Structure formats: structure tokens, C-alpha cells
Amino acid sequence: MAAQKPGLVIFDCDGVLVDSEHIANAIIADAMSKVGLPISAEEAFARYQGGKLSFLRIGLEEEFGLDLGPDWVEDIYQRQFDVFRRELKAVPGIADVLERLKASGVPVCVGSNGPPHKMDVTLAVTDLLKYFGKNVFSADMVGIPKPAPDLYQLCAERMGVPVERCVVIEDSTRGATAGVVAGMSVFGFAADTDPERLRAVGCSEIFYDMAELPQLLGV
């Protein structure tokens, strides 16, 4: 349990705020299969959870000698957005957590590998954008995605809170690693992730239901 209320809670977006990972990775799997790289949605989730799509494209092109073209990434995003607008839901219980933090006066922000225009869609359709306002930060702003710590360091800097007073909420090992390397406490949300993998990269708390989070945060 957190000894005191944190100075800032930084939320990853996909899989923590919005239940988007399985939708997104099913579309990634389909796009990969269409270019001769067959993969199941489940395997795509296991491999690419918490990753950045533009870096996935670079990696696939280098590994397989492909030229996926300049529109491959954006085409995937547009397909994802179409489904998100019809089907995307907030992670169960997250609105209650955000309300508790708001009532307790604890600042919050979003730190995601996803581009800003993706969060414009996912946070809007789930009615979560109202909790964050302009405090939504993307790896696009630092040029390097998680597991590098740069994004989370930017979050702390922009929000004016020392890294040691920040708590990161993550569901992926990439993101958790970023928070740990940044010098922050990281709480691992293990609803869809192997908890031992999250512990192995340094998460100080593991939880399975958002209803557990307020107590862990001391709010």
C-alpha cells in the first residue's frame, strides 16, 4: 500500500484506461497476415502489447526485407478507429478510480506510446478525456517509445512533480520498465498480463481489478 498519496498518477492508455488491446491487435494481426506474415490475434497481443505501431513497421521491414509503404500504419489506425467508435469501452472501474483521485486532489495524466490522434478517439468515445484535459502525453512528443523512460520523464516535467512522487499504472512490461527506469513507482495491472512478468521488471504492486487501486494509492 502506498505510504502516502502520490504527487501524480500517470496512466498508460491502452489496456489501463480503455479496453482496446484485443481489438487493436486483432487488426494488426490481420494487416500482417495480408502482407504474408500470418499471426493470430492472441500472438500479436503477446508480442506487441504496449508497443508502438510505427516501430513495429520498422522492425518488420528490417526483419523480413519488406516495404510496407508509407500508409501501412495509418491504415491500421483508421481501421482500429472505426471499430473503437462502435465498440470500445473504458476498462471496468476506471471512472470510479479517476473520480476518487479527483476528489482527493491528486493530479493525473496519460502517458501512452500511441499517437495523439489515437487518444483523441479512444478517450473521447469512452468519456474519459474529461478527467485529463490537456494532460495527455504521447511518445511522439519525445521521439522514442517505452520501454525508454523519456515519455514518463516528460510527464513528470510537464506536470511539475518530482519523479520519486509519481506512480505509474501499467499493464505491459514495456511500459512498466519505462516507469521503473524513470525512477517512479509502478503498479502493474494484471487483468490480462502475467503478473510474474510485471513483477520481474520491477512493479512494486500488482493488482487485478481497478476497484483495488484507490487503496493502493492511499486515496
Side-chain angles (χ1 to χ4, degrees), residues 1-25 41-52 89-102 104 106-114 122-123 126 128 131-132 137 139 145-153 155-156 159 161-219:
M1 182 181 297
Q4 60 180 357
K5 289 193 297 186
L8 172 67
V9 181
I10 308 173
F11 290 90
D12 174 47
C13 189
D14 296 294
V16 171
L17 296 174
V18 300
D19 194 11
S20 56
E21 288 279 22
H22 292 287
I23 294 172
N25 281 288
E42 293 75 19
E43 188 177 1
F45 176 74
R47 288 190 186 184
Y48 306 128
Q49 181 192 19
K52 186 162 181 63
K89 304 295 183 185
V91 167
I94 191 62
D96 291 338
V97 172
L98 293 168
E99 288 287 353
R100 288 278 291 273
L101 288 166
K102 181 180 178 181
S104 298
V106 177
V108 297
C109 71
V110 181
S112 174
N113 271 349
T122 59
L123 295 176
T126 54
L128 296 179
Y131 295 106
F132 301 102
F137 305 105
K146 313 169 200 175
D150 303 51
L151 172 58
Y152 283 144
Q153 291 167 339
C155 290
M159 298 296 291
V161 179
V163 294
E164 61 270 16
R165 295 205 60 221
C166 297
V167 174
V168 171
I169 312 302
E170 269 288 355
D171 69 321
S172 75
T173 56
R174 286 182 177 90
T177 298
V180 170
V181 175
M184 301 174 177
S185 297
V186 182
F187 294 0
F189 180 47
D192 279 326
T193 307
D194 181 351
E196 295 309 316
R197 294 181 64 212
L198 291 169
R199 287 192 181 95
V201 297
C203 289
S204 58
E205 300 283 357
I206 301 292
F207 67 104
Y208 301 87
D209 188 311
M210 282 297 168
E212 303 171 60
L213 187 54
Q215 184 178 13
L216 294 174
L217 292 170
V219 299

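The structure displayed is predicted, hence computed values, not measured ones.
The side-chain heavy atoms of Leu8 and Cys109, taken from C-beta on, include a pair separated by under 4.5 Å. Residues Tyr152 and Val180 fail the side-chain proximity criterion, which asks for heavy atoms closer than 4.5 Å.
Side chain of Lys5 to backbone of Val106: no donor-acceptor contact under 3.5 angstrom is found. Here the side chain of Thr193 pairs a donor or acceptor atom with the backbone of Asp171 at under 3.5 angstrom. Between the side chain of Arg197 and the backbone N or O of Thr173, no donor-acceptor pair lies under 3.5 Å. With hydrogens and angles ignored, the 3.5 Å screen pairs a side-chain donor or acceptor of Lys146 with a backbone N or O of Gly111.
When all heavy atoms are compared, the tightest approach of Asp19 to Ile23 is O-CD1, 4.3 Å. Nearest heavy atom pair, residue Val201 against residue Ala176, reads CG2-CB, 3.7 Å. Between Ser112 and Asp14 the shortest heavy-atom distance is OG-OD2, 4.1 Å. Heavy atoms only, all atoms of each residue included: Cys155 and Phe137 are closest at SG-CD1, 3.7 Å. Nearest heavy atoms, Leu123 versus Cys13: CD2-SG, 4.0 Å. Nearest heavy atom pair, residue Lys89 against residue Thr126, reads C-CG2, 3.5 Å.
Taking CD1 of Ile10 as the reference point, atom CG of Leu151 lies at 8.0 Å (rounded to 0.5 Å). Here the SG atom belonging to Cys166 is positioned 9.0 Å from the CE atom belonging to Met159, to the nearest 0.5 angstrom. Leu101 CG to Asp96 CG: the interatomic distance, rounded to the nearest 0.5 Å, is 11.0 Å. Of the inter-residue distances, the one linking Ser185 atom OG with Glu164 atom CD reads 10.0 Å to the nearest 0.5 angstrom. Note that CD of Glu43 and CG of Asn25 are 11.0 Å apart. Values are rounded to the nearest 0.5 Å.
Checking Val16, Ile169, Ile206 one by one against Phe187, the side-chain contact (heavy atoms from CB on, under 4.5 Å) holds for a single residue, Ile169.
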Walk me through whether Phe132 and Leu98 qualify under side-chain contact (heavy atoms from CB on, under 4.5 Å). CA-CA 9 Å; Phe132 301 102; Leu98 293 168; 3.7 Å; yes
Intermediate values then yes/no, side-chain contact (heavy atoms from CB on, under 4.5 Å), Val167 and Glu205: CA-CA 10 Å; Val167 174; Glu205 300 283 357; over 6 Å; no
Applying side-chain contact (heavy atoms from CB on, under 4.5 Å), run through Val97 and Tyr131 and close with a yes or a no. CA-CA 11 Å; Val97 172; Tyr131 295 106; over 6 Å; no
Val91 and Phe189: side-chain contact (heavy atoms from CB on, under 4.5 Å), yes or no, with the steps? CA-CA 11 Å; Val91 167; Phe189 180 47; 3.9 Å; yes
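Contact check on Arg199 versus Glu196 returns a salt bridge, with a Lys/Arg side-chain nitrogen under 4.0 Å from an Asp/Glu carboxylate oxygen.
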